[in-house]
Amino acid sequence: MEKVKAKKQYGQNFLKDTTILDKIIQSMPMNNNYVVEIGPGLGDLTKNLVKYKDLTAYEVDTDLIGILKSKFVIEIEEGKLKLIHTDVLEAWDKQKSLHDGKYDLIANLPYYIATNIILRALEDVACEHIIVMIQREVAEKFTAKANDKEYSSLGIITELLSVDAKILFDVPPESFDPPPKVMSSILYIKKDMSKSFDKEFNKFLKACFIQPRKKLSKNLTSLLTKETISDIYKELNINDNVRPHEVSSSLYSQMYTKVKNGRN
Ligand SMILES: C[S@@+](CC[C@H](N)C(=O)[O-])C[C@H]1O[C@@H](n2cnc3c(N)ncnc32)[C@H](O)[C@@H]1O
């Protein structure tokens with residue numbers, strides 16, 4: 001048994017429940033995609049993944065890289081496992097994609113940057129499936145639809161960029177060492193590979209939700225004149241009293257197209 005003290009600053013909660021580890025493996029899509037893991041930690045999920053697929057694992061913690069190198073000597077030598085010692089967000093800044101060909105992201109994510117990682121994976125054109133353990137509340141945001149309590153830019157972006165997005169199952173704190181303070185869930189997203197992420201659209205959505213309880217038209221005044229808002233509302237038949245969480249993702253997309261066209 002390793003004596004490794006989990007580091008809070010890296011969001012380290014190691015998954016120890018073998019039933020959950022098996023369930024994650026069973027959730028993997030049957031395809032020829034390569035696998036990328038973020039934050040292999042002590043390698044418990046990695047050990048299961050490498051039985052089925054070749055993979056690259058990105059780990060930021062120097063101490064863990066040392067442990068992983070000695071645990072996976074054979075797999076690394078045989079080229080089945082590639083370990084990359086870096087902050088994964090920096091890797092994405094440098095190379096746009098975490099792998100050259102199509103890949104699936106499978107990970108128990110560090111919760112402090114989980115939202116950023118999922119957004120980067122949605123943006124990464126090589127990533128097809130995202131199967132990640134995250135805080136339940138955050139998973140609910142990514143799968144929320146119009147009129148749901150958790151509906152925000154995250155649910156809208158995910159709905160527009162994917163063919164399927166759902167929570168597969170919940171994982172209680174006792175499954176981890178140390179146990180996190182929150183309930184966790186496995187989030188599954190199958191991306192629509194014909195669609196692409198638009199950063200400007202994401203900014204537009206954030207402005208739409210800046211004051212979530214106010215009228216959408218009020219929030220839009222930070223971006224558009226009252227006349228433009230009124231024109232767009234008329235063209236798309238939107239009620240002036242509507243609140244941000246009552247508008248469907250497709251209507252947001254249509255609104256944004258009009259905003260963009262107006263700017264050109
Ligand atoms: C929740 S733990 C999961 C560990 C392991 N996969 C498991 O299931 O037990 C998160 C892992 O992500 C790593 N990590 C944290 N921030 C990271 C970053 N910016 N880039 C890469 N790895 C990171 C941590 O060091 C840790 O190993």
Side-chain angles (χ1 to χ4, degrees), residues 1-28 35-53 55-72 75-76 80-99 103-121 123-124 127 130-139 168-188:
M1 280 282 284
E2 312 91 353
K3 283 207 184 91
V4 180
K5 199 167 180 307
K7 295 186 183 114
K8 258 196 188 158
Q9 80 265 32
Y10 290 141
Q12 291 175 357
N13 299 96
F14 302 113
L15 181 58
K16 289 296 162 199
D17 187 328
T18 51
T19 315
I20 303 292
L21 284 163
D22 287 346
K23 272 177 93 174
I24 296 174
I25 298 298
Q26 283 154 21
S27 316
M28 277 166 64
V35 167
V36 169
E37 185 186 6
I38 294 172
L42 294 168
D44 292 87
L45 183 59
T46 321
K47 187 174 71 201
N48 286 281
L49 290 170
V50 80
K51 285 185 202 155
Y52 302 96
K53 298 260 189 160
L55 72 141
T56 294
Y58 290 81
E59 175 57 64
V60 73
D61 184 343
T62 314
D63 296 339
L64 292 180
I65 284 287
I67 293 171
L68 291 162
K69 276 188 180 156
S70 56
K71 258 193 190 169
F72 293 100
E75 291 83 353
I76 292 170
K80 289 183 173 169
L81 172 64
K82 208 170 142 198
L83 270 183
I84 301 186
H85 182 196
T86 187
D87 175 334
V88 71
L89 294 176
E90 280 177 20
W92 254 316
D93 285 341
K94 284 187 197 133
Q95 64 202 47
K96 299 250 183 295
S97 274
L98 292 187
H99 182 66
Y103 76 87
D104 297 332
L105 172 64
I106 300 171
N108 169 17
L109 289 179
Y111 293 176
Y112 75 108
I113 44 166
T115 299
N116 275 348
I117 288 176
I118 297 167
L119 286 172
R120 296 302 286 261
E123 195 180 338
D124 187 335
C127 177
I130 301 168
I131 298 159
V132 286
M133 174 110 67
I134 53 174
Q135 188 177 334
R136 174 154 184 110
E137 249 176 48
V138 179
L168 292 184
F169 54 90
D170 292 337
V171 183
E174 315 82 83
S175 303
F176 303 85
D177 182 23
K181 290 201 176 72
V182 292
M183 189 67 153
S184 304
S185 296
I186 296 286
L187 171 71
Y188 170 95

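When a ligand or atom number is given, it counts from 1 through the structure's own listing order. We count residues from 1, following the sequence as given. We use all heavy atoms of the structure for the numbers below, so side chains are in, but hydrogens, waters and symmetry mates are not.
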Identity and distance of the protein heavy atom lying nearest atom 19 (N) of ligand 1
D87 OD1, 3.1 Å
Is the shortest heavy-atom distance from the side chain of F176 to the side chain of E174 under 4.5 Å?
no
Of L49, I134, D61, V60, which has the heavy atom at the shortest distance from atom 14 (N) of ligand 1?
V60
Determine whether a donor-acceptor pair (N or O, by modelled atom type, separation under 3.5 Å) exists between the side chain of K71 and the backbone of L42.
yes
Look at atom 27 (O) of ligand 1 and find which of H85, E59, K7 reaches it with the closest heavy atom.
E59
Note: E59 and G41 closest approach over all heavy atoms is OE1-N, 3.1 Å
Using a strict 4.0 Å cut-off to heavy atoms of Y58, name the atoms of ligand 1 that fall inside it.
21 (C), 22 (N)
What protein heavy atom is closest to atom 9 (O) of ligand 1, reported as residue, atom name and distance in Å?
L15 N, 2.8 Å
Taking atom 15 (C) of ligand 1 as the reference point, the nearest protein heavy atom with its distance:
Y10 O, 3.1 Å
Ignoring hydrogens and geometry beyond distance, is a side-chain donor-acceptor pair present between Y111 and S184 at under 3.5 Å?
yes
Nearest neighbour in protein (non-hydrogen) for atom 7 (C) of ligand 1:
N108 ND2, 3.4 Å
Would you kindly say whether Y58 and D87 are connected by a side-chain donor-acceptor distance under 3.5 Å?
no
Check each heavy atom of E37 against ligand 1 and say whether those closer than 4.0 Å belong to the side chain, the backbone, both or neither.
side chain
Using a strict 4.0 Å cut-off to heavy atoms of P40, name the atoms of ligand 1 that fall inside it.
5 (C), 6 (N)
If you define the side chain from C-beta out and look only at heavy atoms, does anything of D63 sit under 4.5 Å from V4?
no
N13: heavy atom below 4.0 Å from ligand 1, yes or no?
yes
For ligand 1, is any non-hydrogen atom under 4.0 Å from Y112's backbone (N, CA, C, O), its side chain (CB onward), both, or neither?
side chain
T46 touching ligand 1 at heavy-atom level, < 4.0 angstrom
no
Looking only at distances, can you tell me whether any N or O atom of F14, backbone or side chain, sits closer than 3.5 Å to an N or O atom of ligand 1?
no
Under 4.0 Å from one or more heavy atoms of L109, ligand 1 contributes atoms 1 (C)
For G11 and ligand 1, does the shortest N/O to N/O distance drop below 3.5 Å?
no
Between D44 and ligand 1, does any nitrogen or oxygen pair lie at a separation below 3.5 Å?
no
Non-hydrogen atoms of T86 versus ligand 1: any pair closer than 4.0 Å?
yes
Are E37 and N108 linked by a side-chain donor-acceptor pair shorter than 3.5 Å?
no
Is a side-chain donor or acceptor of S175 paired with a backbone partner of V171 at a separation under 3.5 angstrom?
no
Can you tell me if I113 contacts ligand 1 (heavy atom of the residue under 4.0 Å from the ligand)?
yes
Relative to F72, does K47 satisfy both conditions: NZ or CZ under 6.0 angstrom from the six-membered ring centre, and within 45 degrees of the ring's axis?
no
Do the side chain of H85 and the main chain of V60 share a donor and acceptor less than 3.5 angstrom apart?
yes
Give the residue and atom name of whichever protein heavy atom lies nearest to atom 20 (N) of ligand 1, and the separation in Å to one decimal.
V88 N, 3.0 Å
re atom 26 (C) of ligand 1, the protein heavy-atom contact at minimum distance is Q12 CG, 3.6 Å
Side chains of I20 and I24, heavy atoms from C-beta outward: is any pair under 4.5 Å?
yes
For L64, the atoms of ligand 1 under 4.0 Å from one of its heavy atoms are 25 (O), 27 (O)
Atom 6 (N) of ligand 1: closest protein heavy atom, distance to 0.1 Å, is G39 O, 2.7 Å
